[in-house]
> 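Here it is, the structure in full.
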Amino acid sequence: MPLKKTNPVTTKAWKKLAEHFNLIKDVHMKDSFAQNPNRAEELSIKWEDFYVDYSKHRITNETIELLLELAEEVDLKDAISKYFDGDNINETENRAVLHTALRAPKDSQVYVEGKNVIPEIHEVKKKIEVFSQSVESGNLRGYSNKVFTDIVNIGIGGSDLGPSMVVEALSYYKNHLNTHFISNVDGDHLHEIIKKLNPETTLFVIVSKTFTTQETMSNANTIRAWFLNTSDVEAIPKHFVAVSTNLEKAKSFGIHEENVFPMWNWVGGRFSLWSAVGLSISLSVGHDNFERLLEGAHEMDLHFKDEAFHNNMPVITALLSVWYNNFFKSETEVVIPYSQYLNQFATFLQQATMESNGKSIDRNGDPIAYQTGTIVWGEPGTNSQHAFFQLIHQGTKLIPAEFIGFSKSLHGNKEHHDKLMSNFFAQTEALLHGKSRDQVVREGKGENLINYMIFSGNNPTTTILINQLSPESLGKLIALYEHKIFVQGVVWNIFSFDQFGVELGKQLANSTLEEVSANANYEHDSSTSALLHHYKQSR
Ligand code: F6P
């Protein structure tokens, strides 16, 4: 069954939220804390090794009640059931959305077109496990019988961002295999990586759901040609494997059928790292850790599916995002992980969030008159404190922030970790309190500088404090955001699971490539014509 199609603006809750917003929009959080000593306790969620504190937000208890009313009126519960049950909620592509099934236990039952897909999911997982272990152990070797030393993931978008982010995040758990990611069609990027590689000891994983994506196939074919400079076609099947739904194209590339890892069309690219798209993860950190990652995500699935909404982390974080996006009119939200391991986390979330919710037509096919998908950005702390925190503290924009931190480090350097986490806690406190004129005057700043030294505070932050970074906790964290994105899309009455918006650029790129390659002159606006002319003169 499809998702219900309620326009959120027509709900009673939305109208109440609009009135409520006018009442509280200028309330300073400092006053809210002063009025309610239990605020932090009431506006936080503790679940397993996660502690989510959302008290440093421009809300009252009533705000949360009204946001939860909104969730009820758009029938979020019904949407969640359909999501997990495999209903065709991706209506525009007539597909289910079942990345959750990829991490479900073996005895689960999830039906797609009348067939329980869990057995085949676990068959593929077994295939990933056997293959990963044979590479890691040295049993599987290259054409000159040398063990593999390097893994190269060739993919882009969801066939790159998830695996790349997870491999970096789990560096602490890595094995001896060096893992590289080639994504951009930029030849310089490609050559910077292959110049480090020995073709005899390198395994290439071509990841493409369609096996037609221009960047991925260009990179794969250039690497294949480079590889054949020092070997012959019999060696291709020993060094290239594929992850794809397109078996025929993978085989015509020279990959043996048993080395094509299947994907399913009910798993979207940006949610696919749990599938064979995560082969590079399994190769890089070992299959046991890959399984632990999936187990963590499954636990978050259960939390999301079963927990009451007022105590449900994806639901609350999503509703807060709606509150700022649609009532405070903030357009971006920033994610600040206080762990360098999560250096790629915000970039991963950019595709997951903006390719899902960057939509302007609603589920009835009508143009939308309210704001939808937020712009997500971010960098790890403490580096970001020396990059863009000036704007967040004293700029003119309201930017809700999500801070992610871990109570325990992995290498055990307590002195450094205490410094890192002191910044983590201090920043959200500073963003809440700011610094008043009186405080600045007491610091003895010259009269002419006082205004520049005042911090208004009242900048909203969510603190996500996790016990320690592990495959399980990373799986939970990623799944938390996947479900946050889902809830946002349900409330905004959009389809979060297609991505037609990426097609136009691809079409124009292909015709422009023909023009450049043939040195022809097609019809363009004057800007594009002049730019192409300049390029063709100087390339
Ligand atoms: O960005 C568009 C997109 O289709 C993504 O959704 C997808 O993850 C990426 O391109 C790569 O697609 P494929 O895995 O088919 O190469």
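FYI, the numbering just counts along the sequence from 1. Atoms within each ligand, like the ligands themselves, are counted from 1 in listed order.
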> Please tell me if the side chains of Ile478 and Trp274 come closer than 4.5 Å, counting only heavy atoms from C-beta onward.
yes
> In terms of atom number and element, which parts of ligand 1 are under 4.0 angstrom from non-hydrogen atoms of Thr213?
12 (O), 13 (P), 15 (O), 16 (O)
> For Phe240 and Phe227, run ring-ring contact (aromatic ring centres under 6.0 Å, His included): C-alpha distance rounded to whole Å, both residues' side-chain angles, the deciding distance at 0.1 Å, then the answer.
CA-CA 10 Å; Phe240 289 81; Phe227 184 79; 5.4 Å; yes
> Determine yes or no for a side-chain-to-main-chain donor-acceptor pair under 3.5 angstrom, with Asn219 supplying the side chain and Asn184 the backbone.
yes
> Quick one: look up the protein heavy atom nearest atom 4 (O) of ligand 1 and list residue, atom name and how far away it is.
Lys506 NZ, 4.1 Å
> Hey, would you say the His483 and Phe486 ring centroids sit under 6.0 Å apart?
no
> Going by the order shown, which atoms of ligand 1 are within less than 4.0 Å of some heavy atom of Ile156?
9 (C), 11 (C)
> Does the ring center of Tyr481 lie less than 6.0 Å from the ring center of Phe345?
yes
> Any idea which of Glu355, Gln499, Lys209 brings a heavy atom closest to atom 6 (O) of ligand 1?
Glu355
> Let me know which of Glu295, Glu299, Glu482 forms a salt bridge (Lys or Arg N to Asp or Glu O under 4.0 Å) with Arg103.
Glu482
> Could you tell me the residue and atom name of the protein heavy atom closest to atom 14 (O) of ligand 1, and the distance to it rounded to 0.1 Å?
Ser159 OG, 2.7 Å
> Strictly under 4.0 Å, does any heavy atom of Gln351 approach an atom of ligand 1?
yes
> Between Ser282 and Lys125, is any pair of side-chain heavy atoms under 4.5 Å apart?
no
> Taking non-hydrogen atoms only, is Val502 closer than 4.0 angstrom to ligand 1 via side chain, backbone, both or neither?
side chain
> Under 4.0 Å from a heavy atom of Thr210: which atoms of ligand 1 are those, numbered in the order shown and with their elements?
15 (O)
> Which atoms of ligand 1 are found less than 4.0 Å from any heavy atom of Gly158?
7 (C), 8 (O)
